[in-house]
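Remarks on the structure that follows.
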Amino acid sequence: MSHTSHVRLLPWCGPEGKRAVLVTDGTPGPLSLLADRIENRQIESAAVIVELARPVVGAASDLTADELRWIIRRLIESLTDVLNIAESRAQRIPPYED
């Protein structure tokens with residue numbers, strides 16, 4: 001019987017702050033389903049943050065520098081989450097066949 005292992009980047013870090021991975025046989029288990037739910041929440045959160053930030057950073061905005069930095073930090077956090085999700089999902093897409 002052939003056993004294929006699948007490596008998945010998880011949407012959280014391990015205890016040492018390093019990226020966490022899950023090695024499975026490709027069958028969805030409790031940990032991979034939890035990761036799916038967290039990724040979906042991260043994507044939803046990023047969409048909300050973008051929609052909230054868009055009108056307040058316009059040219060007519062009178063935000064203070066501290067308020068703008070706060071918004072920028074949230075946008076960076078969300079973009080980082082979404083980029084990690086994209087990388088994780090890209091690694092799970094099988095390569096094109098010739």
Side-chain angles (χ1 to χ4, degrees):
M1 179 192 284
S2 173
H3 178 71
T4 304
S5 63
H6 299 265
V7 178
R8 175 187 181 161
L9 291 173
L10 295 172
W12 57 79
C13 293
E16 297 174 353
K18 295 180 182 177
R19 294 182 75 183
V21 296
L22 174 64
V23 180
T24 70
D25 62 0
T27 306
L31 196 54
S32 62
L33 295 173
L34 173 62
D36 289 342
R37 287 192 302 275
I38 290 172
E39 286 178 352
N40 288 336
R41 286 186 190 140
Q42 288 174 326
I43 292 168
E44 290 168 4
S45 178
V48 168
I49 290 167
V50 166
E51 289 307 310
L52 291 172
R54 188 172 276 131
V56 298
V57 297
S61 176
D62 60 353
L63 295 176
T64 67
D66 285 339
E67 291 168 328
L68 283 171
R69 276 192 287 278
W70 186 87
I71 291 169
I72 290 168
R73 281 195 294 272
R74 300 299 78 76
L75 289 168
I76 290 169
E77 289 168 358
S78 293
L79 181 57
T80 300
D81 288 342
V82 171
L83 288 172
N84 288 336
I85 293 166
E87 180 182 353
S88 176
R89 292 181 180 183
Q91 290 178 0
R92 290 181 274 151
I93 297 173
Y96 290 114
E97 294 181 19
D98 291 331

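The figures that follow rest on heavy atoms only: side chains count, while hydrogens, waters and symmetry mates do not.
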Using the test side chain to side chain donor-acceptor pair (under 3.5 Å), find all partners of Glu39 that sit at least two apart in sequence or belong to another chain. Arg8, Arg89
Kindly give the cluster partners of Leu83, where membership spreads through any ILVMFWY side chain lying under 4.5 Å from a current member. Leu79
What are the two closest heavy atoms between Thr27 and Thr24, and how far apart are they? N-OG1, 4.4 Å
Report yes or no: does Ser45 contribute a side-chain atom to a donor-acceptor pair with the main-chain N or O of Arg41 at less than 3.5 Å? no
Under the rule for side-chain contact (heavy atoms from CB on, under 4.5 Å), what residues qualify as partners of Pro28, not counting sequence neighbours? Ser32, Leu33
Applying side chain to side chain donor-acceptor pair (under 3.5 Å), can you list everything that pairs with Arg54, at least two apart in sequence or on another chain? Glu51
Suppose we screen for side chain to side chain donor-acceptor pair (under 3.5 Å). Which residues come up paired with Asn84, at least two apart in sequence or across chains? Arg19
If hydrophobic clusters are built from ILVMFWY residues whose side chains come within less than 4.5 Å, do Leu75 and Leu63 share one? yes
Using 0.5 Å steps for rounding, measure from the CD1 atom of Ile72 to the CD atom of Glu77. 12.5 Å
Value for CG (Asp81) from CD1 (Ile76), rounded to nearest 0.5 Å, stands at 12.0 Å
Common cluster, Val50/Trp70, ILVMFWY with side-chain heavy-atom separation under 4.5 Å: yes
Test question: given the 4.5 Å side-chain rule for I, L, V, M, F, W and Y, name all other residues clustered with Trp12, or answer none. Leu10, Leu22, Leu31, Leu34, Ile38
May I ask you to test the Asp66-Arg69 pair for a side-chain heavy-atom distance under 4.5 Å? yes
ILVMFWY cluster, Leu9 and Val7 together (side-chain gap under 4.5 Å): yes
